[in-house]
Amino acid sequence: MIHAQKRDTELSLHLYRVFAKSFKSVSEHAVVGAKSEGFHPTAFAVMEMLYCKGAHPIQQIGSSLLLQSGNVTYVIDKLEQRGCIHRRPCPTDRRVIYVELTPEGEALMSELYPRYGSRIHHAFSGLDDEEKSELIRLLKKMGTQAERLMPSSQK
């Protein structure tokens, strides 16, 4: 029984290392793609989120992209200075401020996003469509269980 548990633990540790290395390798494609378009990767991630999902409250952007609130404010300030996004107060809650792409930001992302998508597609070219779908399913399952196991004080 102890040997089986140790083997399971070792397999989990190996999976974690493979997952982390794979994520790093694929992420490098996203980083290079963002930088080649003249953006810091975090700024591009904010732009991508707004482009794909529309306006979001500033607080949700940080939690969705796993960023500290100070970092989000800094990135948003820089993107706003570039004319890519703007802030819009929520009409029903003065504490909430939405961030959305400007028409210029929308036009820029319409130009950049297809190239970015091609880079990411290239990074995953070692998998066929069925394997990608299966990996998505398994990663969601893994993430859901890992989140479920976290103590509520750390969520």
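Just so it is clear, the structure is predicted and the values come from calculations on it, not from any experiment.
- Taking OG1 of Thr73 as the reference point, atom CD1 of Ile61 lies at 10.0 Å (rounded to 0.5 Å).
- Under the 4.5 Å side-chain heavy-atom criterion for grouping Ile, Leu, Val, Met, Phe, Trp and Tyr, Ile76 is connected to Tyr51 within one hydrophobic cluster.
- Looking at Asp77 and Arg87, a side-chain N of the basic residue comes within less than 4.0 Å of a carboxylate O on the acidic one, giving a salt bridge.
- Counting only N and O atoms by type, the side chains of Tyr116 and Glu37 include no donor and acceptor under 3.5 Å apart.
- Taking NZ from Lys35 and CD from Glu28, the interatomic distance works out to 8.0 Å, rounded to the nearest 0.5 Å.
- Val46 pairs with exactly one of Ile58, Val72, Val75, Leu101 by the side chain to side chain contact (heavy atoms under 4.5 Å, CB included) rule, that one being Val75.
- The local environment of CD in Glu130 is sparse, with at most 12 non-hydrogen atoms from other residues, nucleotides or ligands closer than 6.0 Å.
- Classified by interplanar angle (parallel below 30°, tilted 30° to 60°, perpendicular above 60°), the ring pair His122/His29 is perpendicular.
- Within a 6.0 Å radius of CZ in Arg95, no more than 12 heavy atoms belonging to other residues, nucleotides or ligands are found.
- Interatomic distance, CD of Glu80 versus NZ of Lys78, reported as 12.0 Å (0.5 Å rounding).
- Interatomic distance, NE2 of His86 versus CD of Glu104, reported as 9.0 Å (0.5 Å rounding).
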Considering only distance and modelled atom types, tabulate donor-acceptor pairs under 3.5 Å from the side chains of residues 134-141, sequence neighbours left out.
| from | atom 1 | to | atom 2 | distance (Å) |
| --- | --- | --- | --- | --- |
| Glu134 | OE1 | Arg137 | NE | 3.3 |
| Glu134 | OE2 | Arg137 | NH2 | 2.8 |

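- Side-chain heavy atoms closer than 4.5 Å link hydrophobic residues (I, L, V, M, F, W, Y) into clusters, and following such links, even through other members, never connects Val96 to Leu65.
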